Amino acid sequence: MQSQSQLHFFDNAPVPMFLLNASGDVIHTNRACEGLFRYSSREWALDDIMSTPVWQESSTYFNASQEPREKLSPYTRLVRFADNRKLYVLKMSIADTKPSYTYIAALTPYQNDDSVNEALLNRLPMGMVRIDASGQFINANQAFLRLLGYEEEEALLKQTEFDVTFEADANREKPLRAGLELGCSAQYRLDKRYVHKKGHHIWARTFVSCVTCQITQQTQFLIAVFDIHEEKQLHEVIATSERRFRAIAENVSSVVWISGPDPMRLYYVNRCFNTVWEERVEALYGDAKAFLDRVHPADRDLVARTRFCDSHDSWRINYRLLFPDGRIKHIRDSGNSVFDGNGDLIYRVGTQTDITAEVDQRDSVVVMAKKLRELVEYDTLTGIKSRHAIISDVRDTYQEFTVTGDPSVLVYIDADGFKAINDTYGHEIGDKVLVCIAEHLTRNIRESDVAGRIGGDEFVVLLRHTAQSEIPQILERLGRDIECEYLPPNMRVAISLGAKELTPDVLSSEQWLSDADKTMYLNKRERKMSHSNHAVSG
């Protein structure tokens with residue numbers, strides 16, 4: 001000090017003031033400093049002010065300037081005491097005291113830059129924090145305190161912002177904070193974990209901006225903090241579900257795919273596509289319609305309309321793939337649209353399954369069933385209806401008659417002298433004669449009629465919906481002798497037949513068949529007697 005009067009003024013100043021020597025030691029304090037200092041057995045020291053980093057910062061400020069020290073503007077920064085959590089503005093200047101310099105420091109209570117703004121920040125639902133360049137909390141609003149589990153601001157302000165940040169996230173953020181301070185960017189966003197007062201982690205999304213304190217002209221950081229802990233937990237659940245889904249999807253034998261509401265935007269296709277389509281799945285991410293190139297040209301339009309239409313309905317279609325070597329694969333394509341709680345479409349999911357083996361097996365079954373049906377319905381020797389099939393037709397015609405009354409005629413047919421043919425020429429020739437009889441019957445009936453073999457040399461012809469006037473002509477054609485190329489020349493096969501019209505007095509299909517059979521045998525007997533009488537008279 002220049003004089004005792006100045007020292008007296010210094011000691012009685014209403015604000016805390018103190019003197020430091022060139023080494024940073026406190027050499028004198030005024031009365032207002034009481035309560036801000038603590039005394040040790042060795043020296044006076046400012047608590048949480050003149051720590052080594054702060055002293056180095058202030059020394060650098062004065063020593064680095066080209067201007068004379070006594071002409072420099074005061075060095076200013078915000079400080080806070082351990083036992084008194086109030087913020088103070090520290091201002092240091094230099095007194096020209098020969099032979100060395102003396103630093104004069106004054107402490108004034110810090111006033112918020114904008115008290116109205118501070119009040120509004122405390123009403124915000126998101127956390128708001130202001131820290132200095134070292135990470136020391138300047139203030140924090142109630143939302144931030146609640147997020148980290150603190151009831152009082154004082155307990156939080158004893159720590160730095162990095163102290164309450166998960167260490168790995170703090171290390172990741174420090175370069176961003178340094179870049180912001182250097183002016184490399186105006187703001188950055190970071191999702192990170194804060195450490196709750198109880199020790200667990202809280203996920204938050206932070207937006208950090210660099211601001212300048214109006215009083216100290218020093219760099220501060222304003223941080224907006226949004227609680228995203230539930231969101232992160234949900235994402236983790238979704239990610240876990242997705243990992244499980246992929247693990248399952250990659251081990252199924254069907255192609256599984258997921259797209260957005262726009263079917264052209266594919267999110268996922270499993271690698272089964274490589275096996276089924278015999279193409280690389282990566283091609284689909286560039287063009288979702290690339291799979292259509294392998295679809296059979298005859299099916300391509302159907303597939304394109306189904307898969308890439310605006311409809312949100314589920315679908316299930318079958319189509320074919322055609323390969324360059326001519327191979328065919330059969331595909332079953334099915335899918336559904338998935339909606340959120342508001343009814344909005346969020347994605348589509350589908351499967352494409354190779355059902356070639358299933359189709360081949362089904363076709364084989366169809367062929368076998370057809371052959372079996374033919375064996376059951378058609379006589380293996382003559383090719384006309386079998387006994388089972390013709391009797392079934394007779395029964396159906398009778399049932400129809402009971403409802404509609406439509407007329408039909410049943411003709412029972414037997415080959416004359418067939419046993420003698422078998423005995424004379426053998427059963428092979430006999431079988432060929434039976435084939436000739438069947439061909440004769442089918443040639444001489446209408447398309448609506450049906451012929452069948454009852455067994456041996458007995459046949460039945462069912463004349464459906466036949467008018468009375470048509471019967472004589474049909475019977476005349478059917479009763480003609482039959483030529484067979486397998487028999488000697490001029491030898492013909494004579495047949496006997498009996499016709500029975502379906503009338504109300506016929507009480508069952510069995511009676512109808514029996515009456516036709518009896519009529520046939522009656523006609524056969526009459527023919528034999530006629531031939532016998534003719535031979536005697538001759």
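Small disclaimer: the values here were computed from a predicted structure and weren't measured. Sequence positions, counted from 1, serve as the residue numbers for this chain.
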Electrostatic pair K370-E377, nearest N-O below 4.0 angstrom |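 No, K370 and E377 are not salt-bridged.
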Do R77 and E57 sit within salt-bridge range, that is, some charged N less than 4.0 Å from a carboxylate O?
->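 Salt bridge: yes.
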Short question: side chain of D354, backbone of V276 - any donor-acceptor pair under 3.5 Å?
->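 No: the side chain of D354 does not pair with the backbone of V276.
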For T160, does its backbone N or O pair with a side-chain atom of D163 as donor and acceptor, under 3.5 Å?
->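 Checked: pair present.
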Gap separating the [atom1] atom of [X] from the [atom2] atom of [Y], nearest 0.5 angstrom:
X    : Y    : atom1 : atom2 : result
Y188 : S209 : OH    : OG    : 9.5 Å
S259 : F308 : OG    : CZ    : 8.5 Å
M92  : L19  : CE    : CG    : 10.5 Å

Can you establish whether the number of heavy atoms outside [X] located under 6.0 Å from its atom [atom1] is more than 12?
X    : atom1 : value
R172 : CZ    : yes
E250 : CD    : yes
H388 : NE2   : no
M264 : CE    : yes
Q361 : CD    : no
D325 : CG    : yes
E167 : CD    : no
Y61  : OH    : yes

I want to check something: taking the side chain as every heavy atom from C-beta on, are [X] and [Y] in contact at a cut-off of under 4.5 Å?
X    : Y    : result
R177 : I131 : yes
N139 : E153 : yes
R205 : E231 : yes
I331 : V255 : no
F18  : L107 : yes
H196 : H229 : no
T76  : L90  : no
L321 : V295 : yes

Derivation of the ring pair (Phe, Tyr, Trp, His ring centres under 6.0 Å) call for F62 and Y103 = CA-CA 10 Å; F62 289 111; Y103 293 94; 5.5 Å; yes
Go through D11 and H28 one step at a time and tell me if the side chain to side chain contact (heavy atoms under 4.5 Å, CB included) criterion holds.
-> CA-CA 9 Å; D11 288 336; H28 189 78; 2.7 Å; yes
Are F291 and F273 near enough that their ring centres are under 6.0 Å apart?
->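 Aromatic pair excluded; centres sit 6.0 Å or further apart.
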Does the ring center of Y194 lie less than 6.0 Å from the ring center of F144?
->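 Between Y194 and F144, the centre distance is under 6.0 Å.
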Which residues share a side-chain contact (heavy atoms from CB on, under 4.5 Å) with L322, sequence neighbours left out |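 Testing L322 for side-chain contact (heavy atoms from CB on, under 4.5 Å), a comparison that skips the adjacent residues, returns H296, P297, I328.
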Pairs involving residues 147-180, ordered by first then second residue, that meet ring pair (Phe, Tyr, Trp, His ring centres under 6.0 Å) (sequence neighbours left out) =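 Listed by first then second residue: F166-H201.
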Between L148 and I202, is a side chain to side chain contact (heavy atoms under 4.5 Å, CB included) present by the stated rule, with each step listed?
-> CA-CA 8 Å; L148 269 63; I202 301 293; 5.6 Å; no
Qualifying residue for side-chain contact (heavy atoms from CB on, under 4.5 Å) with R130, from I138, I223, N141 |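 Among I138, I223, N141, the one meeting side-chain contact (heavy atoms from CB on, under 4.5 Å) with R130 is I138.
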What pairs of donor and acceptor atoms, side-chain ones from residues 332-341 against any protein atom, are under 3.5 angstrom apart with sequence neighbours left out?
from: R332; atom 1: NH2; to: E358; atom 2: OE2; distance (Å): 2.9
from: D333; atom 1: OD1; to: W315; atom 2: NE1; distance (Å): 3.0
from: D333; atom 1: OD2; to: R307; atom 2: NH1; distance (Å): 3.3
from: D333; atom 1: OD2; to: Y319; atom 2: OH; distance (Å): 2.9
from: D333; atom 1: OD2; to: Q352; atom 2: NE2; distance (Å): 3.2
from: S334; atom 1: OG; to: T351; atom 2: OG1; distance (Å): 3.2
from: S337; atom 1: OG; to: H312; atom 2: O; distance (Å): 3.0
from: D340; atom 1: OD1; to: N342; atom 2: N; distance (Å): 2.9
from: D340; atom 1: OD1; to: G343; atom 2: N; distance (Å): 3.1
from: D340; atom 1: OD1; to: D344; atom 2: N; distance (Å): 2.8

